[in-house]
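Small disclaimer: the values here were computed from a predicted structure and weren't measured. Side-chain atoms are counted along with the backbone in the values below, which use heavy atoms only and exclude waters and symmetry mates.
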Amino acid sequence: MIINKDVMRDHNERSVLQAIVNHGPISRTEVSKLLGLNKVTVSDIIGSLTERKLVTSQGEARAAASGSGRRPELVAYNVTYGYVINFSISGLTLEMLVTQLDGRALEYGESPIDNLMVHQIVAKMEEMIRQLPKFKVDNGLQAISIAIFGVVYQNEIISSPFVDFEDVDLVGHFKQRYHVPVIMENEANLSAIFEQDYSKQELQSLVSISIHEGVGAGILLNKQLYTGNYGRAGEVGQMLLTEPDKPRQRLAKLTNFDQEWSQSALLAKAAHLKGRPTYTLADLVRANEQGDAQITRLIEDFCYQLAVVTSNLIIAYDPQLIFFNSPLIDQLPEILKNVQMKLSFMPLVPPLVMSKDVKYATLLGGASLAIHKVLDMTGTRLILHH
């Protein structure tokens with residue numbers, strides 16, 4: 001088998017950079033042992049990465065307790081090479097998180113966008129970028145990610161129940177405007193990427209259930225994001241719900257999980273029960289704590305329906321872990337215990353755990369995709385910092 005020298009060089013370069021990102025500060029000798037590459041090759045690659053300012057010298061390692069000789073030089077990933085901007089567009093809120101190239105946050109902002117047209121949302125995004133301070137980085141903006149609450153396929157929005165994106169090409173617009181790579185992905189998929197890339201534990205498979213204005217599931221199989229044939233994998237909010245008292249009802253007439261049991265739908269049900277025009281998550285938590293019978297029953301119904309969806313995801317994908325990215329469950333953690341109890345009839349239930357960061361998971365998942373794009377390391381395991 002003939003291996004192209006350029007291909008081998010690119011592979012070795014990515015491996016060396018990966019070792020430095022995940023294990024640095026690290027010496028050339030340690031990189032050589034870790035990867036099984038000779039020291040000359042490693043030194044040559046590190047020299048090239050240093051010239052490109054992706055790697056910096058950290059000086060000599062500390063002296064060992066015993067022994068003598070020259071101490072090795074340590075090198076580290078240059079996290080201030082540049083920064084990436086990450087947006088999340090829901091039906092109600094536009095969020096922006098700026099991170100350096102190890103995932104650490106530099107700036108956060110949000111703006112209400114309820115009932116705004118897409119061109120108004122784009123204008124808000126550009127205004128948020130204009131208002132950013134000057135960051136102390138070497139090369140400025142390197143990439144942009146955009147999280148969409150809807151179906152995304154190959155950087156295009158297929159559908160979104162919350163915002164009418166019309167025929168606006170968000171990716172093309174921001175590429176032309178800022179001359180950097182632009183990545184667009186479904187928000188639940190990004191929450192799954194966050195759970196993997198911001199953890200030192202590498203999982204083969206996981207599911208991240210996102211419950212906000214809608215309900216979706218981000219799925220990682222064999223360490224890769226699974227989106228299905230046209231980006232619709234994990235759209236559990238579109239699952240149809242049957243009604244026992246209406247057998248054999250036409251499928252087109254059935255409601256779906258989003259309409260009945262998303263966080264927005266749950267709060268709308270609570271408002272109806274209490275005869276109020278609006279009902280907030282804080283109101284729901286307070287009523288539950290006070291033992292309001294109507295609200296506690298409503299939450300119990302939600303737990304039942306969530307347990308059904310969770311059991312279906314377990315059967316379909318058999319993940320090692322299931323994460324829940326939900327402000328509702330974050331505020332009412334007993335929901336997770338309730339769901340776990342309801343699933344006790346199943347022989348093998350993976351751990352059900354809360355997201356490591358309910359508020360920023362989607363934005364940080366977008367940052368991970370953007371950082372991988374900047375480094376030309378798509379599909380390579382990088383451990384980022386939360």
Side-chain angles (χ1 to χ4, degrees), residues 3-64 69-86 98-106 135-143 145 180-181 183 193-203 223-225 356 364-386:
I3 300 176
N4 185 290
K5 288 184 178 180
D6 291 335
V7 172
M8 180 60 74
R9 167 76 184 194
D10 288 344
H11 171 76
N12 289 342
E13 191 169 277
R14 287 189 181 91
S15 296
V16 170
L17 183 55
Q18 179 189 30
I20 294 171
V21 172
N22 293 347
H23 304 287
I26 189 171
S27 71
R28 288 167 172 79
T29 300
E30 288 173 318
V31 172
S32 176
K33 289 179 180 178
L34 188 66
L35 301 178
L37 295 173
N38 68 63
K39 294 179 182 179
V40 174
T41 299
V42 169
S43 292
D44 183 42
I45 291 174
I46 289 178
S48 174
L49 293 173
T50 302
E51 286 180 10
R52 290 163 52 193
K53 295 186 177 180
L54 286 170
V55 167
T56 59
S57 172
Q58 299 293 293
E60 293 182 343
R62 292 181 179 180
R70 184 176 177 180
R71 290 173 292 177
E73 178 193 26
L74 299 180
V75 293
Y77 175 41
N78 180 16
V79 299
T80 59
Y81 177 87
Y83 63 89
V84 295
I85 294 175
N86 314 283
V98 183
T99 75
Q100 57 189 26
L101 293 194
D102 64 349
R104 295 180 205 264
L106 294 171
F135 300 114
K136 294 181 180 179
V137 295
D138 297 327
N139 297 292
L141 177 63
Q142 295 298 298
S145 76
V180 296
I183 301 158
I193 289 171
F194 162 76
E195 302 299 349
Q196 174 71 292
D197 291 357
Y198 290 78
S199 172
K200 291 188 176 181
Q201 178 188 9
E202 185 175 19
L203 299 171
K223 300 184 283 190
Q224 299 297 316
L225 185 65
K356 292 187 288 292
L364 289 168
S368 177
L369 284 190
I371 291 165
H372 278 79
K373 185 71 173 179
V374 172
L375 300 178
D376 191 23
M377 295 180 75
T378 301
T380 302
R381 166 74 168 160
L382 297 178
I383 301 172
L384 302 178
H385 294 276
H386 174 220

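- One finds the CG atom of L49 at 9.5 Å from the CG atom of D44 (value rounded to the nearest 0.5 Å).
- Remark: the backbone N or O of L375 is not paired with any side-chain donor or acceptor of R14 at under 3.5 angstrom.
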Point to revise | Residues T80, N78; criterion side-chain contact (heavy atoms from CB on, under 4.5 Å); working and verdict | key: CA-CA 5 Å; T80 59; N78 180 16; 2.9 Å; yes

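- Within the model, atoms CG of D102 and OG of S368 stand 11.5 Å from one another, a figure rounded to the nearest 0.5 Å.
- In this structure a side-chain-to-backbone donor-acceptor pair under 3.5 Å is present from Q196 to L203.
- Here the side chains of Q18 and L382 are in contact, with some heavy-atom distance below 4.5 Å.
- The two residues R381 and S199 have their closest heavy-atom pair at NH2-O, 2.6 Å.
- With rounding to the nearest 0.5 Å, the separation of CG in D197 from NZ in K223 is 12.0 Å.
- More than 12 heavy atoms of other residues, nucleotides or ligands lie within 6.0 Å of NE2 in H23, so this atom counts as buried by the packing criterion.
- Qualifying ring-ring contact (aromatic ring centres under 6.0 Å, His included) partners for Y81, counting only residues two or more places apart in sequence or in other chains: none.
- Among all heavy-atom pairs drawn from N86 and A370, the shortest one is OD1-CB, 4.2 Å.
- Between the side chain of K356 and the main chain of E195, a donor-acceptor pair closer than 3.5 Å is present.
- With H372 contributing its side chain and G379 its backbone, the two residues share no donor-acceptor pair below 3.5 Å.
- Atoms CG and OG1, on L369 and T378 in that order, are 8.0 Å from each other to the nearest 0.5 Å.
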Practice item. Run the numbers on L54 and I20 for side-chain contact (heavy atoms from CB on, under 4.5 Å), then give the verdict. Key: CA-CA 10 Å; L54 286 170; I20 294 171; over 6 Å; no

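- With rounding to the nearest 0.5 Å, the separation of CG in L17 from CG in D376 is 10.5 Å.
- In terms of heavy atoms, Q100 sits closest to V79 at CB-O, 3.4 Å.
- Of the possible donor and acceptor atoms, none in the side chain of S32 sits under 3.5 Å from a partner among the backbone N and O of R28.
- Smallest separation of non-hydrogen atoms from L364 and G103: CD2-O, 3.5 Å.
- Just one of V21, V31, I26 meets the side chain to side chain contact (heavy atoms under 4.5 Å, CB included) condition when paired with V16; it is V31.
- Between the CZ atom in F135 and the OG1 atom in T99 there is a gap of 9.5 Å [rounded to 0.5 Å].
- Contact between S27 and L74 at its shortest, heavy atoms only, is N-CD2, 3.6 Å.
- Contact of the V55 side chain with the Y77 side chain is not registered, since no non-hydrogen atoms from C-beta on lie closer than 4.5 Å.
- The backbone N or O of I383 lies less than 3.5 Å from a partner atom in the side chain of N22, making a donor-acceptor pair.
- Looking at every heavy atom in both residues, S145 comes nearest to A367 through OG-N, 4.0 Å.
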Review point. How far apart are the C-alpha atoms of V42 and L35, what are their side-chain angles, what is the distance that settles it, and do they pass the side-chain contact (heavy atoms from CB on, under 4.5 Å) test?
Key: CA-CA 9 Å; V42 169; L35 301 178; 5.5 Å; no

Exercise for review: Could you go through the side-chain contact (heavy atoms from CB on, under 4.5 Å) check for I371 and Q142 one step at a time?
Suggested key: CA-CA 8 Å; I371 291 165; Q142 295 298 298; over 6 Å; no

